[in-house]
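To start, the structure itself, in structure tokens.
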Number of protein chains: 2
Amino acid sequence: MATGSKRARGGSGRVKLEEVARKANVSTATVSRAFNEPDKVSEEVRQRVKDAARALNWIPNAAGRALASRRTHIAGAIIPTLDNEIFAHQISGMQSVFSERGFTLFLGCSNYDPDEGLRQADAMLARGVEALAVVGESHPPELFEALNSRGIPYVVTYSYNKASPHPCIGFDNRAAFHRMTDHLLSLGHRRFAAIFQPDTNNDRVKERLRGIRDALAAAGLDIAAQDLMMGPSTLEFGAESFAALMTRTVGSRATAIVCGNDNLALGALMAARERGLEAPRDFSITGFDDLAISSRFSPGLTTMKVDNQQIGVLAANELLAVIAGEQARAQSREIVPVMKVRESAGRAQPR
Amino acid sequence: MATGSKRARGGSGRVKLEEVARKANVSTATVSRAFNEPDKVSEEVRQRVKDAARALNWIPNAAGRALASRRTHIAGAIIPTLDNEIFAHQISGMQSVFSERGFTLFLGCSNYDPDEGLRQADAMLARGVEALAVVGESHPPELFEALNSRGIPYVVTYSYNKASPHPCIGFDNRAAFHRMTDHLLSLGHRRFAAIFQPDTNNDRVKERLRGIRDALAAAGLDIAAQDLMMGPSTLEFGAESFAALMTRTVGSRATAIVCGNDNLALGALMAARERGLEAPRDFSITGFDDLAISSRFSPGLTTMKVDNQQIGVLAANELLAVIAGEQARAQSREIVPVMKVRESAGRAQPR
DNA sequence: CTGAAAGCGCTTACAG
DNA sequence: CTGAAAGCGCTTACAG
């Protein structure tokens, strides 16, 4: 009854630092220091405090701590979807680095809807994330403005673009597909088709298509409108698209099919097998991602590999370096995809 | 200089509720109510407050709010790994439900290390998660104790076990593999092998193996020690294991191979193809998961499908119901896997 | 090395 | 319907 509060505000019920202080016979300041700046506390007192904390099973309340210290030790990541292992691997890499450094990770999925991405970013900002990673550059300007005006360090992942105003950790999607197309050109192909995932709100896909077109243009070629199939990134769509492409008469049919990813290419290869068609005898085809199955499939799929987990690791490290004040801004890092030449793409057959 | 604080404690630099109140000419209490209990504020004042907030680009500080209200609007999920699409889909389902209800999601991966899972759970508890979902029951007792002693609602996902002391949202792994084994028995198989992922710290895998053994025991059969291959859940291990099993002389060789998941089964099927062996002519094989490729593969893979996204959705809804006080405890929900009978498992061939 | 106390940015019981 | 003010659980500048 001595110093009871005048208003009933029932606490959280959790043990609080004050109780630890009382039990250890020290001030609250000392308890705090014992955990956050241990060298500033004498060996003996430190031990006493830790014993008391353990005995009471105290877990510091992060809200109180965050309010007082203006640190949350929370980082956030926003990806389009977890249904794609590419992004899952990236998150996995980030998660482990952050966790190791005492950061907990918020995860948001935009489902390729920029507004949803913005909403989730706002929710994370309100909760005091100290850094944010977002996939790609296709986001509302408000998102980057919110980050910049609050001085929250961030990186764009998966895309890499020299000219970008944002720190990027990823690879040059355009250059990668330019390279793949050059490979097919060097095999003698002159007639190209493409099977792609949708490019709505997706700067990576747009860049990939541009890479193909750049390479073809340099050889005086292009992809005809009817030879560009765009749809869901499923085996089914890969298969259907392949079937559609093969309805063209042999003379005007593409000999090389560039797919936006391995899944689409594998779907096409399966459809081919059902029709008795074979790569590289009857056509050539390429993918992107180098899924585990792509190398073991028959024919082995020519594709490109990107270490997505590493993208996540690098992104987290850059963000942590900025948070720690080691650098003013996240630095861009370019990852170079590795080309995997296998049997699915061979020399163009004379017709 | 009038009421300046006596101590320099430089704030966060962010706009705060107090400034919104000043601009709108109301008290801080009114600003808070305008957002959290709008009916308690007159139409006109509410509008004035919202305008002021917008003009100042105010985002509420979640730490302050959490401290005062003892609500964080944060939930957490701990899964073994994101490298498995099964868990990625589950998280995806949870994420979207939570996000819709104003909750932000912490994601932790234990990498099948119970201590790491516990550490992440503690970090989440310190940050005030209002609910937690964990995959499976293989966790240190401290984890569940911490949850229970703090009254944090939780669910175990993916596993379902009638006898479990925890609320479970998932399926009965043992029953599923019992069913699959019965299917193979009904096809006349009497000699079984299994290719499985490791069962360390993994109650789901242990239950699956038990399901197989239960079904076999009922038929007076068992799996010989050398016919149980256990290793990484990769195509490679599936392939190697198949090769190893096929080195046995035909008479003592398994005719049915039960795989712990589709990936292992697909690896085995690929190895078979390389050797000129074919299912179901030369052997029968089953998987679990029904990956997209499993139905299109040739032969189509007999397997079982679980809607993992739905598990995530149900888990999030249960947790939200408890948080909202609609029920005292999360309720268990059993999902029933759907059997997909395809060509890879056929009648046992006479030898 | 340690403590008394102010302050972090909100919410909410109380009073009107 | 609105406001004055206490309080949520910590950290930290200041003083010793």
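Order of the sequence lines sets the chain letters (A, B, ...), proteins ahead of strands, with each chain counted from 1.
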Does a distance-only test, which skips hydrogens and angles, find a donor-acceptor pair under 3.5 Å between the side chain of A/R70 and the base of C/dG9?
->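 There is none.
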
A/V41 and its side chain to side chain contact (heavy atoms under 4.5 Å, CB included) partner, picked from A/Q47, A/R48, A/R33 | A/R33

If every non-hydrogen atom of B/S159 is compared with every non-hydrogen atom of B/R204, which pair is closest and at what distance?
->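 Smallest interatomic distance, heavy atoms only, reads OG-CD, 3.2 Å.
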
Shortest non-hydrogen contact between B/S99 and A/Q120, atoms and distance |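 Looks like OG-NE2, 3.2 Å.
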
May I ask you to say what [X] touches in the nucleic acid, namely base, sugar-phosphate or nothing, with a heavy-atom cut-off under 4.0 Å?
| X | value |
| --- | --- |
| A/A29 | base |
| B/S32 | base |
| B/V31 | nothing |
| A/K40 | base |

Between A/N61 and A/A63, is there a donor-acceptor pair closer than 3.5 Å when you use the side chain of the first and the backbone of the second?
-> yes

State the dot-bracket string of DNA chain C. Criteria: Watson-Crick or G-U wobble, both atom distances under 3.5 angstrom; notation: ( ) intrastrand, [ ] crossing earlier pairs, | interstrand, . unpaired.
-> |||.||||||||.|||

Whole-angstrom distance between D/dT12 and D/dG16, as gauged at atom C1' =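 So the two C1' atoms sit 16 Å from each other.
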
From the options D/dT11, D/dC1, C/dT12, select the nucleotide whose nearest atom is closest to the side chain of B/S69.
-> C/dT12

Once the angle between the rings of A/F144 and A/Y154 is folded into 0 to 90°, is it parallel (under 30°), tilted (30 to 60°) or perpendicular (over 60°)?
-> tilted

Could you list the residues that satisfy side-chain contact (heavy atoms from CB on, under 4.5 Å) with A/T81, not counting sequence neighbours?
->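 Residues passing side-chain contact (heavy atoms from CB on, under 4.5 Å) with A/T81: A/D83, A/N84, A/F87, A/Y112.
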
Would you say a side-chain N or O of A/S27 is under 4.0 Å from OP1 or OP2 of C/dG3?
->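 Yes.
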
